[in-house]
Amino acid sequence: MELRPILSAMRRNKVGAILIAVQMAITLAILCNSLFIVQQRLASSHRPSGMKEADVFVITNQWVGNPTDLAARQQTDMDALRSLPGVLGAYTTNSFPLSNGGQTEGCSLRPEQATPTARCAAYIADEQGLSTMGVKLVAGRNFTPAEVTQKAEGDQKLPVAVIITKELADTLYKGQPAVGKTLYITYHGSGIPIVGVVERLQVPWVGAGGWGSTFFGNSVIAPFRYAAQYSHYVVRAKPGLIGATMEAAREKLFDINRGRVVVKMQTMAEARTEAYRDDRGLALVLCVVCVVLLAVTAFGIVGLTSYWVAQRRRQIGIRRALGATQAAIVRYFQTENFIIAAAGVTLGVTLAIGLNLWMVNTFEMERLHLGYPIVGAIFVLILGQAAAFWPALRAASISPALATRAA
Amino acid sequence: MFYYHFGLAVRSLKRNVLLTSLMVAAIGVGIGASMTTLTLFRAMSADPIPDKSSRLFTPQIDVWGKVKSQTAPDEPDKLPTQLTYTDAVGLMDAHPAFRQTAMYAIDLGLAPSNPRLQSFQVHARAVYRDFFAMFDVPFQYGVAWPAGDDSAHSQVVVITRALNDRLFAGTNSVGQTLRLKNQSYRVVGVLDRWQPLPRFYDLEDKHQFGKTEDVFLPLTRALESHLDSAGGINCSGNSNLQSGWDGLLRSECVWLQFWVELDNSADALRYRQFLANYAAEQQRSGRFRWLPLTQLRDVRQWLAYSHVVTNEARLLVVVSFSFLLVCLLNAMGLMLAKIMGRARDIGVRRALGASRRTIVAQCLIEAAVVGIVGAFLGLALTLVGLWGLRSLLSERVAGLAHLDMTDITAAVVLALAAAVIAGLYPTWRASRVQPAWQLKAQ
């Protein structure tokens, strides 16, 4: 394949070739980075919370008025929910994973530490907490009913025991068994004995780079019967019965006491969708942008290549008359396109890495895996070739008789 | 002469419909994408209260001893973003500012007077009466409660238009009562439509881009009724938090927002001095073992400091403007193809006496026509894009996705500019066409 005629033809059409190359370069840069971000956001939205989310729903309850018997009301509600035929377990809490609201504490190794060893989220649960959430215990034991004490909303008392997550245990005790050690909460004097370690339980917050992202797996569970004006009832339903159980639960609660507002009742699946809505939205927007960008570049290539074909009609006709096959003509234009695309793609890989580095600095993003520019480059090359194919076919069908005609 | 060029332009565009539509599509799509993200970005970074943003300030005090050196108001620091109860009361009592208010968010159960209606939750804000004057809040009926009600801890409320429509069918409900958390409150005013975006006065509240509160009540009343804060209570530092309501009030947890109105820079300077003196006094009285640094920020500085514009919005703006650049290059290539494809045409016209300037004008007008049609397509696509964003993103940002006149004008101007810039090089090439070359047999 003689490259020289192609290169000299391109030199006469420098600007057009440069335009296509630059377009492909920018497209590749945007494509790589966008797809990287999409992959990150989607992966983040699939992070397991540590709970067995299927069949779990949460009722957010707020009492109307100013009742003084919150503890009794909470107990009645819990007894009622637990007695429902479709319910396997229930407990009351201050927050839950994917709720994007909760309490943060500083977890330390020693009582006098001013800066905590690790930040952690604090969840309240009773002895049914672990089984309702479906979290897996990997060391130690669950709370005993004796360890679960009463807690009202403003109470600052410490629990008599805690269960922590494995990630927090590793951060604090670096491989040593955590069960039996004492956990200190910053600015609270006495320590709390750790009685159990669960495999995984995420903090309530899910925002990418937002609050909680630096301590995503650090949670402590404190044994309390939580009686407050505003609290969440986490309920596990029997498999397959969640819809009916939710309705039955709402009815039962209002039967007991109409002086309440069910602020929200949602399954964990709905909570997950809502929590990651922005991430999924961004991913979709970026995907749409990528598709449209590729389409625009492809159509641009089609347009410009068709123009070049039209410009060189006579030249093509002469070559055909001199014995070039149709395949050779197609090959000519494909090669020309390949050279331009190769230049564009090389520039594009550099741009992609450069753009990523700039975003790492400005937006605190992660660095691009090299796989993205490489696969992206191959894809854009193939796209370019495919876009040039139709004009190349049109060129091949130019009749050799054109060579014999004047102008 | 203009109509002649215009007619020629339209005719030449019509001759090759495919190429023309590709050009229009390139410009339109590029404009559509850029304007969508730009609208969102502008809404997020807009000044929510442009008439007063330089006269409203929020003070910050380092109650946890974490900040070692004073920074400028536009620099980030680690000061707590809210005030403690002690400081809020202290600043309110000293009253050095023209207008001031402490405030916090509350979630309450509201029981309508009609017993058959279900109770529902409302989002409320506990404020002082100055709040309404400070933030230029418009009233539909009634007025804010008088200053006496603040000191008397009266059970009065101001409700929003939406809530008034829901409870009292939109009538003048001044004087009516409603029950919040088992206490009766008398309505003294109904607000007209008011939605500052973002809700700069309380960024800890998770509804910062969502709807505003439904109910406003006196802070003194809320404190007396021990109404808990629904916003963020931050006890990060050595807050010494004890149990119970009194424990919260006595602690160094920060949970109240504070805003002052200062009419000119001299007042602002005096207030800064007052804050520094207040902090020094607190140290002298033994409350702190260090000299707490203080800071005063106006609305714009506060929004920048609080990182209100998300990284995602910025990222989308970068992506869409690169997209516009690609579309521009595309349009340039297509326009080049189109114009140079008519090189003979141009050569003949030049030979017949057309000057270079005429050719240039011709080409630029063609580009402008493409730009205008592209602008319409771009606007239509922007509407589609904003609708898409609204349904995709959470309520927090969905409320921002609206097109106004400035955006529309910007879109048209941007499209025209893009098309003309894209057409500059092809026009230059067209002006260089040699009539003699083109007239020779090819």
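Order of the sequence lines sets the chain letters (A, B, ...), proteins ahead of strands, with each chain counted from 1.
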Checking side-chain contact (heavy atoms from CB on, under 4.5 Å) for the pair B/Tyr425/A/Leu19: CA distance, chi angles, key distance, verdict?
CA-CA 11 Å; B/Tyr425 175 73; A/Leu19 279 178; 5.8 Å; no
Using the side chain to side chain donor-acceptor pair (under 3.5 Å) rule, take A/Gln62 and B/Gln121 through it: C-alpha gap first, then chi angles, then the decisive distance, then the call.
CA-CA 8 Å; A/Gln62 175 158 44; B/Gln121 197 197 40; 2.6 Å; yes
Hey, mind stepping through B/Val319 and A/Ile30 against side-chain contact (heavy atoms from CB on, under 4.5 Å) and telling me if it holds?
CA-CA 7 Å; B/Val319 167; A/Ile30 306 256; 4.1 Å; yes
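In this structure, the side chains of A/Phe299 and B/Leu334 stay at 4.5 Å or more apart for every pair of heavy atoms. Between A/Asp278 and B/Glu312, the closest side-chain pair of non-hydrogen atoms is not below 4.5 Å. Contact of the B/Leu316 side chain with the A/Leu282 side chain is registered, since non-hydrogen atoms from C-beta on lie closer than 4.5 Å. For the pair A/Thr362 and B/Asn311, the minimum side-chain heavy-atom distance is 4.5 Å or more. Within the 4.5 Å cutoff, the side chain of A/Val263 has no heavy atoms near those of the B/Phe120 side chain. Contact of the B/Val326 side chain with the A/Leu293 side chain is registered, since non-hydrogen atoms from C-beta on lie closer than 4.5 Å.
Here A/Gln156 contributes atom CD and B/Leu241 contributes atom CG; the two are 3.5 Å apart, rounded to the nearest 0.5 Å. Taken from CG in B/Leu19 to OG in A/Ser306, the straight-line distance is 8.5 Å, to the nearest 0.5 Å.
Per-residue heavy-atom pair counts under 4.5 Å with chain A were compared for B/Ser322, B/Ala111, B/Gly109, B/Ala337, and the maximum is reached by B/Ala337. Note on A/Gln103, A/Arg280, A/Gln229: by heavy-atom pairs under 4.5 Å with chain B, the leading option is A/Gln229. Note: B/Met340 leads B/Arg429, B/Arg179, B/His226, B/Met340 in heavy-atom pairs under 4.5 Å with chain A. Residue with the most contacts toward chain B among A/Val64, A/Thr27, A/Val296, A/Asn33: A/Val296 (heavy-atom pairs, distance under 4.5 Å).
Of the atoms belonging to A/Phe254, it is side-chain heavy atoms, and not backbone ones, that fall under 4.5 Å from chain B. Neither the backbone nor the side chain of A/Ile20 comes within contact range of chain B; no heavy atom of the residue lies under 4.5 Å from a heavy atom of that chain. Contact of A/Thr297 with chain B is made through backbone and side chain together, with heavy-atom distances under 4.5 Å. Heavy atoms closer than 4.5 Å to chain A are found nowhere in B/Leu248, neither backbone nor side chain. Of the atoms belonging to B/Leu108, it is backbone heavy atoms, and not side-chain ones, that fall under 4.5 Å from chain A. With a 4.5 Å cut-off on non-hydrogen atoms, A/Trp211 does not touch chain B at all. In this structure, no portion of A/Arg313 lies under 4.5 Å from any heavy atom of chain B. Interface residue A/Met359: only side-chain heavy atoms are found under 4.5 Å from chain B. Looking at A/Glu153, the atoms closer than 4.5 Å to chain B (heavy atoms on both sides) all sit in the side chain, from C-beta outward. For chain A, no part of B/Asn234 is nearby; none of its heavy atoms comes within less than 4.5 Å. Contacts of A/Leu286 with chain B are made by side-chain atoms alone, with heavy-atom separations under 4.5 Å and no backbone atom involved. Looking at A/Arg119, neither its backbone nor its side chain comes within 4.5 Å of chain B, counting heavy atoms on both sides.
Within 6.0 Å of the NZ atom in B/Lys78, the count of heavy atoms belonging to other residues, nucleotides or ligands does not exceed 12.
Nearest approach of A/Met365 to B/Leu315, heavy atoms of both residues: CE-CD2, 3.9 Å.
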